[in-house]
Amino acid sequence: MKKYQDGTLNHREELLLEEFDSRLLHRRKQGVFHNPQHKRRTGQKLQRAIRNSIARRSILRRIAWGKVAASAVILLGIGFSLYLKWNTPAQTHPVTLLEKHTDWGQKLSLTLSDGTEVRLNSGSTLKFPERFTGNIRKVELSGEAFFNVSKNPERPFVITSGEVRTTVLGTSFNINTFPDSPAVTVTVATGKVKVASGQHAVFLGPDEQGVFDKTTNRISRRKTDISNFIQWKDGIIRFEDTSLSEVTKVLEAWYGVTFVFAEEKLKNCHLTAIYNNEILSVVLESIKYAKKGLQYEYLEDHKILIKGRCTD
């Protein structure tokens, strides 16, 4: 009580003081109280202190229970959020399917959402998603294209070309799959490629080519000079002892024109030449110079007549 009067009472001593009853106070009154007024004042202060202490404890209990309740609300909120997350079906946003097409005489370079680079040759069509989802990156090709696939071992890159399915993880290769061609060819520049159709499949490495025969439905593999099949993407045309029948088909696709022959036998004339980003008139003049007696003539509707005679 003396410490209470001096204001030095700590919390533990305050609790002990609250336990004093009137008999204890009565027994200690001679050593504690100086006079009746002092006793009355001290008693009043003590009663106020007890009431204040009880009030503080009540507030602390309410605060404690408030904290518990708040924690419970937070936990319930988290639990409910997790329940909604685990039990609400994920909203799926439809993936837009894109299509890029090149007319004869046109070429196109594009980069897919995964970083894969594609060089699309003339008269070709590539279908691909706006963004790749799922475990595979799948596109569809008709015509010819050179792919430089962004590497991702966990998500193979798959190109479907009719019945042929080409699967890669990260590599560069060329696919020729024109509808009117008797075969589908896949020529690998780097990495490894799997070419499959039905029950047949082959694995190709650099400088190897897989050929799917549309008639027999079989796939063969062979070594090849890769440059003969991928130089087109750099604007280079190469002919190695190629018949004019095949030469004109390439030039039709390259420049968007149509060739006609004055005589069928001219189709068997052969040409060996390389053209690097040349315009059509330069190519025609070169063929005319290399094949003495051969002539050409421009017709209407982007047609070119091959006439004269061939001196192989």
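All residue numbers in this chain count up from 1 along the given sequence.
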Donor-acceptor under 3.5 Å ([X] side chain, [Y] main chain):
| X | Y | answer |
| --- | --- | --- |
| T102 | N121 | yes |
| R221 | F203 | yes |
| T272 | E240 | no |
| D103 | Q106 | no |
| K151 | L169 | no |
| D234 | I236 | no |
| T248 | E246 | no |
| R238 | F229 | no |
| E278 | Y275 | no |
| T116 | S150 | yes |

Sub-4.5 Å side-chain heavy-atom contact between [X] and [Y]:
| X | Y | value |
| --- | --- | --- |
| F173 | V149 | yes |
| K107 | W254 | yes |
| T166 | V193 | yes |
| S243 | H270 | yes |
| Y296 | K307 | no |
| L271 | T242 | no |
| E117 | S109 | no |
| L126 | V139 | yes |

[X] and [Y]: which non-hydrogen atoms are nearest, and at how many Å?
| X | Y | answer |
| --- | --- | --- |
| V95 | P129 | CG1-CB, 3.7 Å |
| G210 | L204 | N-CD1, 3.3 Å |
| L120 | K100 | CD2-O, 3.6 Å |
| N148 | S172 | OD1-CB, 4.0 Å |
| L98 | E130 | CD1-CA, 4.0 Å |
| S161 | T177 | CB-OG1, 3.4 Å |

Under a 3.5 Å threshold, yes or no: a donor from one side chain and an acceptor from the other, between [X] and [Y]?
| X | Y | answer |
| --- | --- | --- |
| S113 | R131 | no |
| Q209 | T187 | yes |
| N174 | W232 | yes |
| T125 | H101 | yes |

Just how far is it from atom [atom1] of [X] to atom [atom2] of [Y], taken to the nearest 0.5 Å?
| X | Y | atom1 | atom2 | answer |
| --- | --- | --- | --- | --- |
| E99 | S142 | CD | OG | 9.5 Å |
| F212 | T185 | CZ | OG1 | 12.5 Å |
| F157 | T167 | CZ | OG1 | 10.5 Å |
| L305 | T258 | CG | OG1 | 12.5 Å |
| L294 | K288 | CG | NZ | 9.5 Å |
| L244 | N268 | CG | CG | 9.0 Å |

Same cluster (ILVMFWY, side-chain, under 4.5 Å), [X] and [Y]:
| X | Y | answer |
| --- | --- | --- |
| V250 | V184 | no |
| V202 | V186 | yes |
| L141 | I230 | no |
| F178 | F146 | no |
| F239 | V257 | yes |

With a sphere of 6.0 Å drawn around [atom1] of [X], does it hold more than 12 non-hydrogen atoms of other residues, nucleotides or ligands?
| X | atom1 | value |
| --- | --- | --- |
| H200 | NE2 | yes |
| K194 | NZ | no |
| K249 | NZ | no |
| K292 | NZ | yes |
| N135 | CG | no |

side-chain contact (heavy atoms from CB on, under 4.5 Å) evaluation trace for V158 with R165: CA-CA 7 Å; V158 177; R165 182 183 175 99; 3.6 Å; yes
Show the numbers, then the answer: is there a side-chain contact (heavy atoms from CB on, under 4.5 Å) between R155 and F132? CA-CA 10 Å; R155 300 180 71 190; F132 291 107; 3.4 Å; yes
Please lay out, stage by stage, how D114 and R137 fare under the test salt bridge (charged side-chain N to carboxylate O under 4.0 Å, His left out). CA-CA 9 Å; D114 66 333; R137 298 168 286 169; 2.5 Å; yes
Derivation and outcome, side-chain contact (heavy atoms from CB on, under 4.5 Å), residues I304 and L280: CA-CA 11 Å; I304 300 174; L280 178 58; 3.7 Å; yes
I would like to know whether V188 and V195 meet side-chain contact (heavy atoms from CB on, under 4.5 Å); could you show each step before the answer? CA-CA 11 Å; V188 180; V195 181; over 6 Å; no
